[in-house]
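Reviewing the structure listed below.
Note that the structure is a prediction, hence the values are computed from the model and not measured. Here is how names work: the chains are called A, B, and so on, in the same order as the sequence lines, proteins then strands, and each is numbered from 1.
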There are 2 protein chains.
Amino acid sequence: MISCAFLQSTYYLHCNKLYRTVHVNQDNTAMSASKRDILVKKALQVFYRNGFHATGMDMLVTETGVSKTSMYKHFRTKDDLILASLRLRDELFRNWLMRRMEELATTPREQLLAMFDALGEWFDQEDFNSCMFIKAASEYPDPDHPVRASAAEHKRLIKHYLVELGEKAGVAEPAQLARRFLLLKEGAIVTAHIQGSAGVAADARQAAQLILTDACQD
Amino acid sequence: MISCAFLQSTYYLHCNKLYRTVHVNQDNTAMSASKRDILVKKALQVFYRNGFHATGMDMLVTETGVSKTSMYKHFRTKDDLILASLRLRDELFRNWLMRRMEELATTPREQLLAMFDALGEWFDQEDFNSCMFIKAASEYPDPDHPVRASAAEHKRLIKHYLVELGEKAGVAEPAQLARRFLLLKEGAIVTAHIQGSAGVAADARQAAQLILTDACQD
DNA sequence: GCGGACCTGTACCGATCAGTATAGGTTGAG
DNA sequence: CTCAACCTATACTGATCGGTACAGGTCCGC
């Protein structure tokens, strides 16, 4: 089954031909899913690299290869496209992080610490450019803006995964452990972005080890 | 000589009519209140609240009360004004943080932990809007841009202060302690910004306590 | 009163912003 | 074939972008 769960998905489950799959838009106009996928995927890259306000729709036309007319058929406003990009980013990043944590370690305790090994791999990728949601929140000062809600939801979902892992690991206060790990994670991302990635993930992992040991002693 | 060291004051050093720039502030403190100082001070507030790309020069004219002609007399480009704002922010914020840490505690060990109490006060201020340098770095993707250098320097100076405090506290590896504390600090800032400030500073402080205890056992 | 330092307001520049209008090309189903 | 869905390119809107030009106002030491 080929489908794109990040693009309002269930409708796709009834389709057997991706190139002709039909997506029901906000205004009930039928659209080609593949073009839409290409647009969101490439827009995500441009927004991540270049920022949101600094990226104009004309730049997106040249960078994505999708005409402006099609863009505005798929998304009523630039903000809608941004939100779709953030939804995709949330899914891709969380899937990658969780998969990598589970690949790098076997026990829940080790998987928790492996988060920082995975982050270290991310920091060393040449296209690493901080967390897209931290950047998004930085550009949208209104706390009620949907972009901010998207960022909060992304962080909440990661925290939820860490809590689950903490429960599997049998720590006394998994919620507390998750909050502390998240502090180290966000701090490592920001520090690797501003100061450079050298040693940052290892520092965070060592600090996390202390916190985890303490959490298991309780 | 009355001047503001944070405001790239060389231009005024050649001015022998400095008294013209001395005014009385709202709180009756005599300070250099030249148009340039007013401009940078208010521009800082607008950039911090509204972002860099999203703030146009025309908005700065209305928000600061300084004419556009004067702005471009003092600063050749918008970027120069942004950099001056960041220099001011660096000085104001670091001075505030260090002063508050030393007010809240007496011993170096307690002062280190008091950083998170000070951060907690900051998070609860209604105009708290994340770290200006994290936001600046988020908006300027080019790592060689002066804005990025300014952000890195700000973080470096704070780290340097933490290392000094760690040495005074007699910990075995003050540099390592400072790096770990900085991870918690940046993580707390980002988390308070995105998820809300409730409990964030306290979480960070508890984690810092564990790290500090470990550092003193060595 | 004169000159210079410093400020203002207003109008303007070409470029770019988000978004729209219009016309036409391609594809596949019936 | 026609029809409809979906795509393209181009041109355009009014607003705003960073930045400049120009004329004039105010204050000061001389």
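Annotation: B:F181 is in aromatic contact with B:F116 [ring centroid separation under 6.0 Å].
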Exercise. Begin from the C-alpha positions of B:H74 and B:D80 and carry the test side chain to side chain donor-acceptor pair (under 3.5 Å) through to its verdict.
Key: CA-CA 9 Å; B:H74 288 299; B:D80 286 350; over 6 Å; no
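A cation-pi arrangement is absent between A:K135 and A:F52 under the rule of less than 6.0 angstrom and at most 45 degrees off the ring axis. By the 6.0 Å and 45° rule, B:R89 does not stack over the aromatic ring of B:F47. For the pair A:K155 and A:F133, the cation does not sit on the ring face, since its NZ or CZ is not both under 6.0 Å from the ring centre and inside 45° of the axis.
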Practice problem: Spell out protein contact along nucleotides 16-25 of chain C as letters: B when the base is contacted, S when just the sugar-phosphate is, - when no protein heavy atom is under 4.0 Å; keep the 5' to 3' order. | Solution: -SSBBBB---
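Distance CE (A:M71) to P (D:dC6): 18 Å, rounded to an integer number of Å. Protein atom CG of B:D37 is 14 Å distant from nucleotide atom C1' of C:dC6, rounded to whole Å.
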